[in-house]
Every structure is written in structure tokens, then in C-alpha cells.
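For reference, the structure discussed in these notes is given below.
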Number of protein chains: 2
Amino acid sequence: MNSQSDEIKKDTDFINESLINVYDSIMRIEESEIRKSRFKDITAKEVHLVHTIGLHDRKTTSEVAHILKLSKGTLTANLNNLERKGYVMRIANQEDHRIINLGLTSKGRLLYRAHDAFHTLLVKRFLRGFNDDDIRLIKQAMVNLEDFIDEVSAK
Amino acid sequence: MNSQSDEIKKDTDFINESLINVYDSIMRIEESEIRKSRFKDITAKEVHLVHTIGLHDRKTTSEVAHILKLSKGTLTANLNNLERKGYVMRIANQEDHRIINLGLTSKGRLLYRAHDAFHTLLVKRFLRGFNDDDIRLIKQAMVNLEDFIDEVSAK
DNA sequence: GAAATTTAGTTTGATATTCAAACTAAATTA
DNA sequence: TAATTTAGTTTGAATATCAAACTAAATTTC
């Protein structure tokens, strides 16, 4: 093996370890940043749930449970907490009285935007120094990863 | 805003959502793949711990707890499970009888390698179709991300 | 159109995970 | 040698999770 391919092996190994390490750190930072702000009663998991509800406005409880791959019972418990803390609202569905649609309160939307701003900053730094072609290339790598995930999930 | 920068905004938004989505999926897939193999009694968290112990052989319990950012009590509980299942061993330290060094059993090393093989495949697919320059570029993006994480963690 | 079935969400009961603080035993320092 | 520090475990409390039982509403079947 020559030094050129050694170099590339080192790069792929680095990418491998990085992919493993990065997420835990992001979750931890997200929680600590959010707790420095006015949202002191929120965990990383709860931010994630608020993000999902904000992204999928007025979806039903079952739909959100499916998106997050949580059981309906677990989601009910989480919703109780987030409703009590004033971030999420349950909206009775007028057509079908079995259905509860979910939405964010104005406090919930504030949290959503604060979290979104943090992520925008994160991605800005992730892509720092890259031109448009580079960004397309990195996007393609993420598409590859999602394709792989879909493939393995489907089989 | 012109259509060119619209395009790039869409790419960065995609990368943003992707970064959030991908990890959960990877954890889920890892667990389901590992459970299809001969290691049916293992959770994703436990694979992660086995990976860490494999990577940092013969480290002390406190060192591993620090690496994983777990309390010592939590690690003790996890070690009890993994020792019972036969993946991890506690090795009494001869110089200092307070210290327990951690290592993998041969079954643990098998799991370590199976998990590693899965990750190698994952990264291979992540980098599919890219040349050496592209890979260096993607590595740089991961370095950017780790730098950002370090920066925010430090402050 | 009443009875049976299905669906949406909640409640319940059991199990897992985690942490901080108290604790034990060993090593180091005074 | 006594006091302190260190490494790891135990304990007790708080959370999170799931599957299964349950309730109420809607749909289907006869």
C-alpha cells in the first residue's frame, strides 16, 4: 500500500469516527445552549419533538409518533410534559373527534426558531470555506447516506 | 435572490435536515442489523459502549465514563449487564487495587468487528463515487464540524 | 339502522436508564 | 499512623420507554 492510499484510508477512518462522535456532541451542545437561553426547562429530546411538531404542523398524534418512531403511549407522555410547560397544544379535530392535531404555541415557535438558528449556524460552520460546487458534493454525500439508510431499512 | 443562490439554500437546508435525521436512523439500523446476527441480546447503546472499550483497551472505568460522558454509577450498571452477557471483562489492576481496567472478551471482539464492518460499509456508501480530492473535502467538512463543537463546548 | 369492527389516543404496569450522593476499600499525604 | 484523596459500587429517586388494556368515536357489515 502506498502513502497516497494510506492517506485516503486515514481520511475515511477519520470520517467514520467523526460520524459516530459528532451526533452525541451536537445533542449535548444543543441542550446546554438551549438551557442558557430563556428555555431552561427543556431537554434535547423535547427540542427534537418541538422541532418535529413545528416542521409537521397540525399532524395527528399517531402521525407524529410514526415520524419519531415512538409508541403512541410514549408520545402521549411527552406531549403531557410539553403541554404543561406551554410549548405544544393539542387541537381537537372538528371532523373526527377521535383525532388530536398537534401544533406549537407561540412559546413553542420561539423555541423552534431558536433551535433552528442554532442549526443554521452549525451548518454554516460545517460548510465554511466551501464554494457552491463543494456544497453540492457534500449534499450528494448526505444523499448517499440517506439512500444507504433507506436501503437497509427496507430490506 | 436569484435561482442560483436559491439552489444553494435548498442544498444547505437539505444538509441541515439530513444531519438531524441521519443519526437516529443509523442507531436504529445498527441495532436491527446487530440483532439479525448472532448478537441478539445487544442494544445500540451497548454496541456503542463495546466500541468505546474496544477502541480504548484496558482503560479504567473512570476514564471510560469520562469519554462517554456517563456518570460512574451509570457505567457500573452498564458494565454489569455487558459482563453478564459475556462481552466485557473487568481486569483487576495489579499495581493499584482500587482500579479496574476494562477490556473485551473474545465474544466482545467479535461484536466489535461486526459493528466496525457495518460502519466501514456505511462510510463506503457515504463516499461512493467520490475521488480522493472529494474525500479530502468531505473530511474537511467533518473537521469544521468538530471544530465548531469544540469551540461551543469550550466557551 | 343496530351490532360488530376498526381506529385514535390515553392509561396502566412493568422494565430500563440515568444521576447524584452515600458508601467501601485502597492508596497517598501529612 | 491518622487524615485525606481516589476508584469504583451501591442506593434511591426520577424519567423514559414499551406493549397491552382500555375508552370513545367512526366506519363497516349485515
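Here is how names work: the chains are called A, B, and so on, in the same order as the sequence lines, proteins then strands, and each is numbered from 1. In this text, all values refer to a predicted model and were calculated from it rather than measured experimentally.
- Under a 4.5 Å side-chain heavy-atom cut-off, the cluster of Ile, Leu, Val, Met, Phe, Trp and Tyr residues that includes M89(A) is completed by I91(A).
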| request: Would you please test T60(A) and H66(A) for side chain to side chain contact (heavy atoms under 4.5 Å, CB included) and show each step? | output: CA-CA 10 Å; T60(A) 68; H66(A) 179 77; over 6 Å; no

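- With rounding to whole Å, I91(A) atom CD1 is found 18 Å from dA8(C) atom P.
- The shortest distance between side-chain heavy atoms of H48(B) and D24(A) falls below 4.5 Å.
- Shortest non-hydrogen contact noted between A44(A) and E31(A) is N-OE1, 2.7 Å.
- Across the protein-nucleic acid pair, L102(A) atom CG and dG9(C) atom C1' stand 11 Å apart, rounded to whole Å.
- Put simply, CG on L79(A) is 14 Å from C1' on dT11(C), counting in whole angstrom units.
- Taking 4.0 Å as the cut-off between side-chain N and carboxylate O, D116(A) and R113(A) do not count as a salt-bridged pair.
- In this entry the distance linking CG of N93(B) with C1' of dT9(D) reads 17 Å, nearest Å.
- Classified by its glycosidic torsion, dA13(D) falls in the anti category, the angle being over 90° from 0.
- As a whole-Å value, the separation of L68(B) CG from dG8(D) P is 14 Å.
- The only option from D132(A), I138(A), I135(A), L137(A) that meets the side-chain contact (heavy atoms from CB on, under 4.5 Å) definition with D11(B) turns out to be I135(A).
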Donor-acceptor pairs under 3.5 angstrom involving side-chain atoms of residues 13-20 of chain B: please list them, not counting sequence neighbours.
residue	atom	partner	partner atom	Å
D13(B)	OD2	K9(B)	NZ	2.6
N16(B)	OD1	H119(A)	ND1	3.2
E17(B)	OE2	H51(A)	NE2	3.0
S18(B)	OG	E146(A)	OE2	2.5

| request: Step by step, work out the side chain to side chain contact (heavy atoms under 4.5 Å, CB included) result for I29(B) and E151(A). | output: CA-CA 10 Å; I29(B) 289 171; E151(A) 217 173 276; over 6 Å; no

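- In this structure, N101(A) places its CG atom 18 Å from P of dT7(C), rounding to the nearest Å.
- A 3.5 Å limit on both hydrogen-bonding distances identifies dA3(C) as the Watson-Crick or G-U partner of dT28(D).
- Donor-acceptor pairing under 3.5 Å is lacking for the side chains of N93(B) and R58(B).
- In terms of heavy-atom proximity, T105(B) sits nearest to G86(B) at OG1-O, 2.6 Å.
- The hydrophobic cluster containing I53(A) also includes I34(A), F39(A), I42(A), V47(A), L49(A), V50(A), L55(A), V64(A), L68(A), L70(A), L75(A), L79(A), L82(A), Y87(A), V88(A), I100(A), L102(A), L104(A), L110(A), L111(A), Y112(A), under a criterion of side-chain heavy atoms closer than 4.5 Å among ILVMFWY residues, counted directly or through chains of members.
- Using a 4.0 Å cut-off on heavy atoms, the residues of residues 54-62 of chain B that approach DNA chain D are T60(B), T61(B), S62(B), listed by number.
- Across the protein-nucleic acid pair, E31(A) atom CD and dT15(D) atom C1' stand 13 Å apart, rounded to whole Å.
- Across the protein-nucleic acid pair, K85(B) atom NZ and dA16(C) atom C1' stand 11 Å apart, rounded to whole Å.
- Computed from C1' positions of five pairs at each end, the angle between the two local axes of the helix from dT17(C)-dA14(D) to dA30(C)-dT1(D) equals 10°, rounded to 10 degrees.
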| said: What does the B/S/- profile of nucleotides 17-30 of chain C look like, 5' to 3', with a 4.0 Å heavy-atom cutoff to protein? | reply: SSB------BS---

